[in-house]
Protein chains: 2
Amino acid sequence: MPPSSRPEVFPVHTPAASQIFTTVLSHGPLTRSEMAGRTGLSAAAVTKAVRPLIEAGYLVEDVDEEARRALGRPANPVRVDGGRALFLGVKVTGDELIGVLTDLCCRIRVARHLPLTDRDPKPVLAQIAELVRELLTEADGFGVRVRGLGLAVSGDVDRAAGAVRYSPFLEWRDVPLAELAAMTTGLPVTVDNDVRALTVAEQWFGAGVGLSDFAVVTVGAGIGCGLVVHGQVVAGAHGVAGEIGHVAIDPAGPLCHCGNRGCVEAIAGEEAIVAAVGEAAGVQVADAAEALAFAHRGDAGARAVYARAGEAIGRGIATVANLLGPELVIISGEGLAAYDLFAEQIRDAFAAAAFGSAAQCAVRTRPLPFEEWARGAAATAIQSFITTDQN
Amino acid sequence: MPPSSRPEVFPVHTPAASQIFTTVLSHGPLTRSEMAGRTGLSAAAVTKAVRPLIEAGYLVEDVDEEARRALGRPANPVRVDGGRALFLGVKVTGDELIGVLTDLCCRIRVARHLPLTDRDPKPVLAQIAELVRELLTEADGFGVRVRGLGLAVSGDVDRAAGAVRYSPFLEWRDVPLAELAAMTTGLPVTVDNDVRALTVAEQWFGAGVGLSDFAVVTVGAGIGCGLVVHGQVVAGAHGVAGEIGHVAIDPAGPLCHCGNRGCVEAIAGEEAIVAAVGEAAGVQVADAAEALAFAHRGDAGARAVYARAGEAIGRGIATVANLLGPELVIISGEGLAAYDLFAEQIRDAFAAAAFGSAAQCAVRTRPLPFEEWARGAAATAIQSFITTDQN
DNA sequence: TTCTTTCATTGACAGCGGAAAATAAGGCGC
DNA sequence: GCGCCTTATTTTCCGCTGTCAATGAAAGAA
């Protein structure tokens, strides 16, 4: 895939066009009048915004024979042509890279893993380059250029600067990852925090579509939370936000690695659950799967551990709801494998601790395939591509 | 003050003009080039936006002889003429009305109280009308029209609809207060939640000026919190947000009137403190002042109660910081009278429970004179006046 | 076929904000 | 006191975006 060096940019030069495109991207096929209604723009503005996007091939008219209204000229639904552009997303964890190739609609086309052999920035960068190369080879088969790379890293990430300020798992400090990756891969690179990236994916392509205030809670090794307020992902003035895992809910709770007692993560994080199940059963429990097996086998102690975890998560979510009053909380993450073991406790604890109308907030779970994190990274790349500084 | 029936509106018809005016309002006298720099607009746009505002008398040129730069044409600072318009703000509590008359810069000119004799909407409305009449009489002395009335009510308030959805203290449900008050007073009325109103005042005229993410925590009878995220006050999808008072921080804590255990308010709210001090001292303690006196007299039990309250507040603030990563938290409220008794605990608990860079968030206290709540209400009226639906 | 209804497009136009040139208003050096 | 220099502000176009109102298009209905 030699870069065809045509500096083709996304043909969106006005706020209206940008609004139109993201609306169609999120809300599936829409007729022009629906777009006008949704965005508040005039029909004329829609026509003018849509034309260059169709000419450039990013939008296509859907000749949908069904669903005709009885009267009047039939409406012409327009949708995003997902195949028009490809993107890469890579999630960097402490011990592996997960990469995906997605289309413009953020549908995963190819997924790949790569175990990480060394956590220093340089070798990690080399392995990112390797994974990107593999995925680019796959992309060749689609005959469409890859327009951007998103990297998702846990920890304190400054997206605007493209730098990883501090990542505990990788033990990185102030790594200008976007710049480095752009040099080695030749692609435009977007770097963001992993939970925020996942939240962007939900906001544009998932359960958060159309909502201006919602939260994504991830349950797994850590307990994370991405927040969308006023239609924007919350980044925090100092790069830290959504640390629901370190909301302390019990001064008498177990010690957390952050130094406090009773953090949600110290009760419901994977490590904590594995340890607690082991203790309850009086045996060594190696990992989450084994702990889960214990509980599913009916071990009362193990079940109690999960119940306690569910309560902690429910209280954490209630805290978010009490402070922000979101419309929806999406629970996701690998930890959802144990959902049957703590669903009830999450709901009960949430209902009990949510104050007043905050309890009206809907709570929904979503399974999270392992590539989802990488898909989030791709979503940030798509976002960057679309909103590229052409204002 | 007969309404002079001239439907004079605020001469702001463009986003640029609105931006300019609010910038000057918040950031004191500014020269035109400073405005351009701050807002990102061109010098030409500033000139065009400023002229009609000066012509209408809302802005005035400050002939400031000092602070001249050595070289070049002297700059002309421009400031808002506070005296150009007056506003009323009324805070409605369960047992009294607090009203203020402010100028356009939200400086209090006159303050008045009125004990509330009945909590039903109708008599309350009549008393609001009475207080407004008094304040309007005072306003006559200034020879300037009163342009709006803000009403601050605790509870679930829908500002856009101008309705009080539910107020526990007043026992109101779905009262269309803005409409009713507009009818009886003849003024444009803005109704908002009291803590949010206070937050608006801080955002435009207080310590939150220029910040896009901060929180206001009020300590008093209740523990409340107003949040500003992405430069906008958070209202919550269901009208509830910032309920820091009902963030549960200790499952073994005292029972809260909301039904849970260990809410911040159940530990640090006035009622809780009074009860706990009474219990510690083994005597009847009537009110907050008496409880405070006990502690200041050195009673160890009473001091411990305040220490515990401080810790609860600090943990609550840390929760906000962990979730939202604000730049600043402003602590205010009548409860600050006891600040010397729990300042240390607030800081320590915050520092301990804040995760990572969230601890970089500044925490500042601000005394809260009793009229401040009413001033917040006036601030919402000013906001409505300025951003009145002229696009 | 002609009418009705709804969707989409076109062309004229108003108005906002930007760029650059012009003007204003001081000190400074001589 | 006179021109020069510097910085602040205004003026004068000008491009561009989005709206309005009128027109064209594509059905089904009469």
Side-chain angles (χ1 to χ4, degrees), chain A residues 9-24 27-55 59-79 387 389-391, chain B residues 9-24 27-55 59-79 387 389-391:
Chain A
V9 282
F10 191 64
V12 163
H13 305 102
T14 93
S18 166
Q19 216 183 144
I20 290 286
F21 188 77
T22 55
T23 303
V24 177
H27 295 87
L30 288 177
T31 71
R32 288 169 174 77
S33 33
E34 283 168 338
M35 294 179 215
R38 249 179 219 287
T39 59
L41 292 164
S42 69
V46 172
T47 293
K48 280 185 269 198
V50 166
R51 190 174 9 236
L53 285 164
I54 289 191
E55 274 168 9
L59 294 181
V60 290
E61 305 218 11
D62 230 0
V63 220
D64 182 7
E65 287 309 317
E66 330 297 315
R68 299 274 341 282
R69 234 175 300 300
L71 228 50
R73 169 177 173 174
N76 261 13
V78 171
R79 63 179 172 76
T387 60
D389 49 325
Q390 314 160 40
N391 192 333
Chain B
V9 282
F10 190 64
V12 163
H13 304 102
T14 92
S18 168
Q19 217 184 140
I20 289 287
F21 188 77
T22 55
T23 303
V24 177
H27 295 88
L30 287 178
T31 70
R32 288 170 175 76
S33 32
E34 283 167 338
M35 294 179 213
R38 247 179 219 287
T39 60
L41 292 164
S42 68
V46 172
T47 293
K48 280 184 271 197
V50 166
R51 187 166 21 224
L53 284 164
I54 287 190
E55 274 166 9
L59 294 182
V60 289
E61 305 218 10
D62 231 1
V63 220
D64 181 7
E65 286 309 318
E66 330 299 315
R68 297 273 342 282
R69 233 176 302 297
L71 229 50
R73 170 177 172 175
N76 258 13
V78 170
R79 62 179 174 77
T387 60
D389 49 325
Q390 312 160 43
N391 193 343

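Values below: every heavy atom of this structure, side chains too, minus hydrogens, waters and symmetry copies. Every chain is numbered from 1, with letters handed out A, B, ... down the list of sequences.
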message: Taking any heavy-atom pair under 4.0 Å as a contact, classify A16(B): base, sugar-phosphate, or nothing.
response: sugar-phosphate

task: Pick base, sugar-phosphate or nothing for A43(B), based on heavy-atom distances below 4.0 Å to the nucleic acid.
output: base

Let me know the distance between [atom1] of [X] and [atom2] of [N], rounded to the nearest Å.
X: N76(A); N: dA27(D); atom1: CG; atom2: C1'; answer: 12 Å
X: L30(A); N: dA8(C); atom1: CG; atom2: C1'; answer: 15 Å
X: I20(A); N: dA8(C); atom1: CD1; atom2: C1'; answer: 13 Å
X: R73(A); N: dC7(C); atom1: CZ; atom2: C1'; answer: 5 Å
X: E61(B); N: dT9(D); atom1: CD; atom2: P; answer: 8 Å

What nucleotide, of [options], holds the atom closest to the side chain of [X]?
X: A44(A); options: dT10(C), dA8(D), dG17(C); answer: dT10(C)
X: L41(A); options: dT19(D), dG18(C), dT9(C); answer: dT19(D)
X: R32(B); options: dG18(D), dT10(D), dG17(C); answer: dT10(D)
X: L71(A); options: dA8(C), dA8(D), dT5(C); answer: dT5(C)
X: T14(B); options: dG18(D), dC7(C), dC16(C); answer: dC16(C)
X: P74(B); options: dG17(C), dA25(C), dA8(C); answer: dA25(C)

- prompt: On DNA chain D, nearest-nucleotide positions of S42(A) versus V46(B): which is more 5'?
  reply: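 Its nearest nucleotide being more 5', the pick is V46(B).
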
query: K48(B) or S33(B): which one's nearest nucleotide on DNA chain D is closer to the 5' end?
result: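 Result of the comparison: S33(B).
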
Do [X] and [Y] make a side-chain contact, defined as non-hydrogen atoms from C-beta onward lying under 4.5 Å apart?
X: T23(A); Y: M35(A); answer: no
X: K48(A); Y: T14(A); answer: no
X: R38(A); Y: Q19(A); answer: no

message: For a quick test of reading the model, state the closest non-hydrogen atom pair linking A17(B) to L53(B) and the distance between them.
response: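 Result for this residue pair: O-CD1, 4.3 Å.
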
query: How many angstroms lie between CG in D62(A) and OG1 in T31(A), if you round to the nearest 0.5 Å?
result: 11.5 Å

